[in-house]
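Structure record follows, encoded as C-alpha cells.
Model, not experiment: these values are computed from the prediction. Lettering of chains follows the sequences in order, A, B, ..., and the numbering in each one begins at 1.
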Amino acid sequence: MTLIESKKVTKVYKLGMTTVHALRGVSSQIEKGDFIVIVGPSGSGKSTLMHILGALDKPSEGEVLIDGKKISKLDEWELAMIRRKKIGFIFQTFNLIPTLNALENVLIPTEPLDGEQEDYRERGENLLDLVGLKERMHHKPSELSGGERQRVAIARALINDPEIVFADEPTGNLDSLTGDKIINLMLNLNKEEKKTFVIVTHNQDLLKIASKKFIMKDGELSKIDRNHRVRKFTEKRTK
Amino acid sequence: MIKLSYSNLFRRKTRTIISLLAIVIGVMVIIVMVSLADGQFRDLQNAVSQVQGIRVLQKGAAGPLFSEIDMSFEQKLESVQGVKKAIGTIFQIAQTVDGEPVQFGTATVRIIGSDYSKGSFETAAGVGGEIIQGRSLKATDSGVVVVGEDFMDIYNKFLNNKVKVNGETFRIVGVYKTGSALLNSSVLMTLNDSRDVLNFSKNKTGQFSVEVDDPSQEKKIAELINLRFKNDLEATPASGFSQDFAIILDGFRLLVVAVAGISAIVAGIGIVNTMLMSVLERFKEIGSLKAGGWTNENVMKMVLFESIILGIFGGLIGIILGVGLSLYISFLSGLKVFISEILLIQVFLFSVSIGLFAGLYPAYMASKMDPVEALRVE
C-alpha cells in the first residue's frame, strides 16, 4: 500500500540573493512497512525532500500525494492536520522542551487535542517503556544523555500513532554505539509495530539495514542497486 | 496548553522577572496614586459638606488667610434681605505651638477665632462636629481655647493643660471632634483673642460667615451681597467651593489616568520585547511543534497565554504591593487612603489586557514562522 508518492517534485527557494534548486524532479513511493534510508552529502536536498514528503512544505512543481490527496491543494491548517494524524518527525537536535520532563515532552503533540488527557498519558508512558525509558520518564532533558533524549524524541514522534516516521540525521549528534542502539530501536519499531520509517542521513553505514536505499545528489534521487552506486558515492566523498 | 505556557516563562527567570517588574510598578503607581487621591477627595468632601452658609471675604483676597474686613460691614451684611447673621471669623495658620514651628500637612494647626455672641460652637467655628470633652466657648471667654482631638494627640495635651499658640498662653477648656481629619487639629478661640494672637486691630475681622434664613436661597443671597458691596466684599456660597474642590480633584484624577497610560505603554513595550525575544529563541522548537501537528492557531495560543499569564501575575503582585505601599504611606504621613474594590478589579483587568495586547504581535510572529525555515537553522 502506497502511503506517500511524489511525482517529479521540484523545489526552488531563495537563500539571500541566490536561488537554490534543492530538488530537481524527484519521483518516489513510500510503501507501508518500508524502512527507507536516503543518503547524500550536506546540501544535496535530502532534508528538503523529507520536509515535502512529510507535509511540512509544498513542492514548487510536481505533486506529492499523501493517502491519494494532493498536498499542493491543501492549506496550512490541513497540512498540520495531516502531520498530526499520519506523520511523526525525529530531528538530529532532538528539539525537546527543556522545562518539561520526558513524559510531558512526549505528550506535546497531543497538547492541542481534545479528549482524554489520561488516555494520552497512558499511551505516553507505554511508549517511553517501549523505548526503554520507563524509569526516567520524570527526568528533564538536561538530566538525560543524548541517546536518551533521542529516545524521548522517538516516543514523541509516535504519540499520535502515525503511519510513517521521518528521521533527519537521527544519529548525527550521538556517538556510534548510542547511534546503533537508536537505529536498532527504529528497526524494532518497524518490525514489531509495523511503523514505516524514512531516514535521511549522510552516514552510509545505515544503508546496510535499509529495506530500500536511495542516494540524493544535487537535488536528484536515485535508487541504489547494490554496490555500483554506493561506490560512486564513496568516490565523490573522498575527493 | 496553559501549563506549557506557564512553564515556558520559567526558562529565563531574570527576563521574565524584569518584564514582570514593569507591570508591577505600573500597577503599584496607579493604586497608590488613585487610593491617595480618593482618600483626600473623601476627606475634603466630608470637610466641605460640613461647612454651611456664605463665606464673605475681602474683595480680591486670594483666600481666607489673606482677607481683612472692617467690622462695620457686620451690620451692613445683616441688613441684606434673607441674612440671619453675619459672624466675624478670623482664620489663620498658627506659626508656633509651645514654641515649636508648626509643620504643614494634615496636622497643620489652624487658628479659628469666632464671634461666639452670635452662635453656638458648631455654626460659629464653621467646622461642625461636637464637643467630646469639657465645654464650648462663650463670647465672654478670654485666654481659653477649644481644640480638636488630633491636636490633643499631637501635642500630648489633657483638658485644662496650658498651650502656647504664636507665643500667647491659653488654657484648653474643651475638645471637639469632626468627621474630617483636615479639621481635627484646629484651635478655636474667641474673636477678640484671635485678634491679639494674629495682630488684627479691634475693628477688623478676617471674614464673615453669613447664615441665611433659607439655605436654599444661599446662592441668590450671595449674588445679592456681591452686587451691593461689589467694591469691598466677595461672597461665595458653601456649595460653590465644594464644586471648586471637585474640579481640582477631577484634574488630579486625570493626571493619574495619564500616568497609568504611560506606565501601561512602558509595561506593554517590555512584554512585547520579552515575548519577541523568547519566540525568536524558540524558532527551532516552534518548528518542531508544527512538525508534530500543531496548527498556527495552537502556536499563537501558546504565546498569547504566556503574555496573559505575565499580565495576571504582574497585576496580582502589583495590587498586593500597591495596597501595602498605600497603607504604609498612610501610616507614615497620616494621609487618608481609600482603596475601592472597583479600583482593584479595574487595575487587574487593565494589567491582564496589557498582557493580551502586548502578546498579540509576538504570537502572530510565532504562528507565521515557516517550520521548514525554523528546522533548517543549525
Side-chain angles (χ1 to χ4, degrees), chain A residues 11 13 15 20 22 42-43 47-48 50-52 54-58 75-101 104-114 117 140 153 156-160 162 165-166 168-169 172-173, chain B residues 1-17 274-275 277-310 313 363-378:
Chain A
K11 182 68 182 179
Y13 61 86
L15 204 65
V20 179
S42 309
S47 290
T48 305
M50 187 189 95
H51 293 151
I52 289 179
L56 260 178
D57 204 358
K58 290 184 191 179
D75 62 21
E76 279 182 58
W77 189 84
E78 288 167 315
L79 289 178
M81 287 305 126
I82 286 184
R83 296 195 297 270
R84 181 179 287 181
K85 286 174 190 149
K86 299 188 181 299
I87 293 160
F89 280 98
I90 299 167
F91 306 99
Q92 180 177 358
T93 49
F94 323 135
N95 297 352
L96 301 178
I97 295 181
T99 44
L100 303 181
N101 68 29
E104 288 163 339
N105 262 295
V106 169
L107 293 173
I108 273 289
T110 69
E111 197 62 50
L113 304 183
D114 299 326
Q117 289 300 315
K140 297 260 168 72
R156 178 182 62 187
L158 297 173
I159 188 70
N160 281 338
V165 177
F166 288 93
D168 192 354
E169 294 290 3
N173 274 11
Chain B
M1 183 85 84
I2 291 171
K3 190 179 171 250
L4 174 63
S5 302
Y6 178 77
S7 80
N8 278 336
L9 289 172
F10 284 92
R11 293 187 178 190
R12 295 285 182 111
K13 291 197 184 70
T14 318
R15 194 172 58 197
T16 300
I17 287 169
T274 307
M275 298 309 301
M277 279 172 67
S278 106
V279 160
L280 289 174
E281 258 175 25
R282 288 183 280 160
F283 200 41
K284 209 171 173 127
E285 191 179 297
I286 290 168
S288 94
L289 291 177
K290 287 191 175 178
W294 278 44
T295 61
N296 292 355
E297 291 74 29
N298 296 148
V299 173
M300 187 152 185
K301 226 163 131 185
M302 176 181 76
V303 178
L304 265 186
F305 278 146
E306 289 175 27
S307 67
I308 292 173
I309 290 170
L310 272 181
F313 275 99
Y364 175 77
M365 282 273 293
S367 77
K368 284 292 165 212
M369 274 182 185
D370 180 1
V372 173
E373 200 72 46
L375 294 169
R376 196 180 287 141
V377 179
E378 285 301 326

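- Residue contact with chain B, scored on non-hydrogen atoms closer than 4.5 Å, is absent for Phe166(A).
- Glu76(A) and Asn296(B) share a donor-acceptor pair across their side chains, judged by distance under 3.5 Å alone.
- We find the CG-CG distance between Asp370(B) and Asp57(A) to be 6.0 Å, quoted to the nearest 0.5 Å.
- Side-chain contact between Val372(B) and His51(A): present, with at least one pair of heavy atoms (C-beta onward) separated by less than 4.5 Å.
- Neither the backbone nor the side chain of Asp168(A) comes within contact range of chain B; no heavy atoms are under 4.5 Å apart.
- Contact annotation: the side chain of Ile97(A) approaches that of Arg11(B) to within less than 4.5 Å [non-hydrogen atoms, C-beta and beyond].
- Taking the side chain as every heavy atom from C-beta outward, Thr99(A) and Leu4(B) never approach each other to under 4.5 Å.
- Heavy atoms of Leu96(A) lying under 4.5 Å from chain B belong exclusively to its backbone.
- In this structure, Arg83(A) and Lys290(B) have side chains that are in contact, with non-hydrogen atoms separated by less than 4.5 Å.
- The shortest distance between side-chain heavy atoms of Ile108(A) and Trp294(B) falls below 4.5 Å.
- Taking CD of Glu285(B) as the start and OG1 of Thr93(A) as the end, the distance is 10.5 Å to the nearest 0.5 Å.
- Counting non-hydrogen atoms of other residues, nucleotides and ligands closer than 6.0 Å to NZ of Lys58(A) gives a total above 12.
- Leu100(A) touches chain B through its side chain: at least one heavy atom from C-beta onward sits under 4.5 Å away, while N, CA, C and O do not.
- Inspection of the Arg84(A) and Asn298(B) side chains reveals an N or O donor paired with an N or O acceptor under 3.5 Å.
- If you take CG on Leu56(A) and OG on Ser288(B), they are separated by 10.0 Å, rounding to the nearest 0.5 Å.
- Heavy-atom pairs under 4.5 Å with chain A peak, among Ala291(B), Gly292(B), Gly287(B), Pro371(B), at Ala291(B).
- Taking CG of Asn95(A) as the reference point, atom CD1 of Ile286(B) lies at 11.5 Å (rounded to 0.5 Å).
- Other residues, nucleotides and ligands contribute over 12 non-hydrogen atoms within 6.0 Å of the OH atom of Tyr13(A).
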